Amino acid sequence: MTSSKQVLTDCTLCYHSCGTTVTVEDGKAVKVEGLKGHPINSDQLCPKGEAALTHVYSPHRIKTPLKKVDGKFVEITWDQALDEISAKLLKLKEEFGPSVLGVFSGSIGVENLEMAQLTQRFKAAFGSPNFFSVESICYRMRIRTRQITFGKYPTEELDSKLYILWGHNPDASDFPLKLALERNLAKGSKLVVIDPRRTPMADQADMYLKIRPGTDGAMAMAMLHVIIKEDLVDHEFVDKFTIGFDKLVPHVEPFTPEWAEEITWVPADKIRELARLFATTKGASIFQGTCTQDQTAGGTQNSRAFSVLQIITGNINVPGGWVISPRPHFGNVGLNVEGDPLGMDEYPLFIEVWGRKSPYGVITMVPEAIPDKLKAFYVVGGNPLVSMADSNAFREAFRRLDLLVVHDMFMTETAQEAHYVLPACSHLEKWGLAYTYNVCHCLPYLMLRKKCIEPIGESWSEWKVFTELAKRLGIGDKFPWQSEEELIQFELGPTGITFEQMLHDQPEGLYYGEKKYVVKDGMFATPTGKIEIYSDALAQVGANPLPEYIEPERSPRNSDAKYLKKYPLILSTGHRNYYYVHSQFRGIDELKAEAPHPVAEMGLKTGSTYGLASGDDILIETNRGSIKMKVALDERVAEGCIFVPHGWSGEANANLLTDTDCREKILGYPDVKSLMCSVRKLSAAA
Ligand SMILES: Nc1nc2c(c(=O)[nH]1)N[C@H]1C(S)=C(S)[C@@H](COP(=O)(O)OP(=O)(O)OC[C@H]3O[C@@H](n4cnc5c(=O)[nH]c(N)nc54)[C@H](O)[C@@H]3O)O[C@H]1N2
Ligand SMILES: Nc1nc2c(c(=O)[nH]1)N[C@H]1C(S)=C(S)[C@@H](COP(=O)(O)OP(=O)(O)OC[C@H]3O[C@@H](n4cnc5c(=O)[nH]c(N)nc54)[C@H](O)[C@@H]3O)O[C@H]1N2
Ligand code: SF4
Ligand SMILES: [Mo]
């Protein structure tokens, strides 16, 4: 007789953590569906989520530990792999000290508590401060700037009256927001899209603004100017809860919409119209692209300007605005940070604010730190050689390492450079805790990620690998949990919720905390106890304490004639593709059929100046390298620019074009949204 069960668990294929129902028959997962009534995905799955089982049961999964011998991988046992890796690590530690170990956890690790935090714990137990993650290319810039402004981290509420999609394309990248937008636009909410590409969402928008890449800060400054000049400010809110408004008023004086038009290509009257619409809507929210500003030359200041826009219009802790939601306190798996990771001297605000330290080092500084400061690198659930800016620099640096270990399900380009590759469990093969904080009502949503099937081949979970490695390194006491279930109970500990409760009583998940829209004195954990429009934290690192516009280092306005002649086009990389997550899922036929080729997008006129037609093969070149892609010409795309998707490997890898030296000055993020390049036709469309 067939044994069959249905397991409610989260999708985990990207950080949105949609709810799924997995049918398991005789130990094999046979079906995945959207979990009915789930608050994030309302029983639907995106095509990637639907293809989960093809991914999990892929014939390309790595099944055993591998060691590189004479340039080729050979299968070895776990014992051999762990013995050799730990022996090498101990030797390096003895000779050079523990900080020569760097660890990296990828984007699925950011919301994947166990993966990111066990990786962090591992380096701390070993004695190194050098933990890296995608946080220094993605998302934390917004967290940091909001923290220094509010002392807390307010987020966009999913149900809003006015959505400003500012460099964010939920059609491709944000399934839950896309569903929320459908729901709320039908009820009369307004939509504005600010994007150099007229995205599909823009067709439904009340306003669409085609902006020059990298210039969002100028537009935000002009909006501040209009709101202040026309006195559309929420004075009651500003007077009660903020400091620095008096300094902001003279500061924004020069930044007229006409000034911004020249920089941004957005007509001045449109900027005025948007400023008025925004300031007169209570419950308006800037939906800041998840990584767009982070990867822009003036990203920190742009993010600050967005915060100040929300503040002076009183759109903080009101329904539909930015809301400070309750945060669950989990057991401290990650261990506290000791010592300073790479970047402390150069970008201190990324690492520390008001004596509070975050665990991350600055990833753009990794290539230059190898081999002097870093000699061993351990990658979990990431593909930095393709996903981090400047793949050439990363490849060369990785080749200088004494030890590179990669724990992954697939043989990625990063894994190909490794000395050891360790087979990883998929999300269906291990226990975990799914945690999303930007769900409906701005409340966090927790769900137990259930182990549905036994590990494929000899793949191991992160808990198991780190625990076994720690034993061999003499730091076994730092990994005391006897099972994954015990680890999760430890994580849950301070919340008062139990593993058993989540497994048996609320397998569909649960909201954490209570929704509150109050604003009161003392709730802002800044040194002044107020929302800081004027930021001393920025002044202390030599940055402008008030928001300002910073022109991209490489741009038509900032380049001399010679450079412009060589690289005449504005290059923006990494707009999302609905069918892929970064470098993942290229091996899944049903997804590949939807997006078979890497395709760069260009405006119609610009394309024809280069003699191009849609479907042509082109060569794109920057100061760092060149790649080959197909081109699509489209009138929806801003002229004078080219938009290149990231995540493709080999000769279509966008990060062969990006430059680890071209960084945002305050937090050290790579600028990959506004560079300069040239384009040349290779062959005509077939
Ligand atoms: N399908 C899919 N979904 C994903 C991911 C994925 O790989 N695949 N990745 C996930 C991750 S880790 C992240 S960080 C998020 C990323 O999410 P986002 O950063 O929001 O990325 P996109 O949704 O592609 O939207 C970015 C938009 O910004 C526009 N843009 C480019 N340069 C500029 C500029 O200078 N200014 C403005 N205003 N717009 C600009 C692009 O044209 C694009 O439409 O997506 C997440 N979701
Ligand atoms: N040029 C350019 N580059 C970009 C961006 C851009 O916009 N432009 N966006 C950046 C952003 S925002 C991000 S977040 C990064 C993402 O960077 P990464 O996280 O490095 O990218 P992924 O390709 O998603 O790599 C994830 C890897 O984890 C593996 N994996 C999946 N599940 C598991 C698991 O359970 N355990 C283990 N051990 N491994 C697993 C996958 O097989 C895959 O190889 O890319 C960045 N790169
Ligand atoms: S958006 Fe798609 S891939 Fe991401 S969690 Fe939801 S179903 Fe999975
Ligand atoms: Mo990201």
Side-chain angles (χ1 to χ4, degrees), residues 10-20 32-35 38 40-41 43-52 55 106-111 133-140 142 164-179 193-202 209-220 264 266 286-299 302 306 382 387 427 434 436 552 555 570-585 591 595 601 636-638 641 643-647 671-675:
D10 90 303
C11 168
T12 329
L13 293 185
C14 81
Y15 60 53
H16 292 306
S17 285
C18 294
T20 59
V32 174
E33 297 160 282
L35 172 49
H38 194 272
I40 299 170
N41 54 313
D43 71 24
Q44 300 180 52
L45 291 179
C46 82
K48 306 176 289 294
E50 282 172 352
H55 174 66
S107 68
I108 33 129
V110 175
E111 299 299 319
S133 88
V134 296
E135 300 254 340
S136 49
I137 191 170
C138 168
Y139 208 72
R140 185 147 287 267
R142 137 220 326 257
I164 301 189
L165 297 181
W166 204 320
H168 190 37
N169 178 20
D171 264 311
S173 73
D174 195 337
F175 192 56
L177 177 58
K178 179 180 143 125
L179 297 176
V193 174
I194 305 171
D195 197 307
R197 298 180 314 132
R198 188 180 175 107
T199 57
M201 250 339 148
L209 309 177
K210 198 176 252 184
I211 194 167
R212 167 159 75 94
T215 65
D216 305 276
M219 183 146 132
T264 60
V266 177
I286 295 172
F287 282 74
Q288 180 172 343
T290 315
C291 65
T292 311
Q293 301 309 322
D294 306 58
Q295 300 164 358
T296 302
N302 299 359
F306 294 174
S387 57
H427 60 297
T436 340
S555 81
I570 298 174
L571 166 70
S572 169
T573 67
H575 61 280
R576 296 320 192 233
N577 185 307
Y578 191 37
Y579 299 98
Y580 301 121
V581 173
H582 309 297
S583 68
Q584 301 185 69
F585 311 143
L591 298 176
E601 296 177 15
R636 303 173 72 93
V637 175
C641 309
F643 293 85
V644 173
H646 77 302
D671 182 350
V672 302
K673 294 289 186 251
S674 41
L675 298 168

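In this chain, residues are counted from 1 in sequence order. Just follow the structure's listing: the first ligand is 1, and inside any ligand the first atom is 1. Everything numeric in this text was worked out from a predicted model, so none of it was measured.
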* Cys291, portion touching ligand 1 at heavy-atom distance under 4.0 Å -> both

* Asked: Is Ser674 near ligand 1, meaning one of its heavy atoms is under 4.0 Å from it?
  -> no

* Structure fact -> For Gly289, the atoms of ligand 1 under 4.0 Å from one of its heavy atoms are 19 (O), 20 (O)

* ligand 1 N/O within reach of Asp174 N/O, cut-off under 3.5 Å -> no

* Based purely on interatomic distance, does His168 place a nitrogen or oxygen under 3.5 Å from a nitrogen or oxygen of ligand 1? -> yes

* Structure fact -> Restricting to heavy atoms, the pick from Gly106, Ser572, Gly214 nearest atom 32 (N) of ligand 1 would be Ser572

* **The one among Pro176, Gly49, Ala434, Cys18 that brings a heavy atom closest to atom 5 (S) of ligand 3** => Cys18

* Is ligand 1 less than 4.0 angstrom away from at least one heavy atom of Tyr139? -> no

* To do: Kindly identify the option in Asn577, Thr290, Asn169, Leu209 whose heavy atom sits closest to atom 18 (P) of ligand 1.
  => Thr290

* Identify, by atom number and element, the atoms of ligand 1 in contact range of Tyr580, meaning under 4.0 Å from any of its heavy atoms. => 1 (N), 2 (C), 6 (C), 7 (O), 8 (N)

* Asked: Among protein heavy atoms, which sits nearest to atom 3 (S) of ligand 3, and what does the distance come to when rounded to 0.1 Å?
  -> Cys46 SG, 3.6 Å

* Asked: Once the angle between the rings of Tyr578 and Phe175 is folded into 0 to 90°, is it parallel (under 30°), tilted (30 to 60°) or perpendicular (over 60°)?
  -> tilted

* **Gln584 near ligand 1 by a heavy-atom separation under 4.0 Å** => no

* To which of Tyr15, Phe175, Tyr578 does the heavy atom nearest atom 1 (S) of ligand 3 belong? -> Phe175

* Asked: What do you reckon, does Asn41 put a non-hydrogen atom under 4.0 Å from ligand 3?
  -> no

* Structure fact -> Closest to atom 27 (C) of ligand 1 (heavy atoms only, candidates Val134, Asp216, Asp195, Val193) is Asp195

* Asked: With a 4.0 Å cut-off on heavy atoms, does Thr296 reach ligand 1?
  -> no

* Asked: Could a heavy atom of Tyr579 be found less than 4.0 Å from some atom of ligand 1?
  -> no

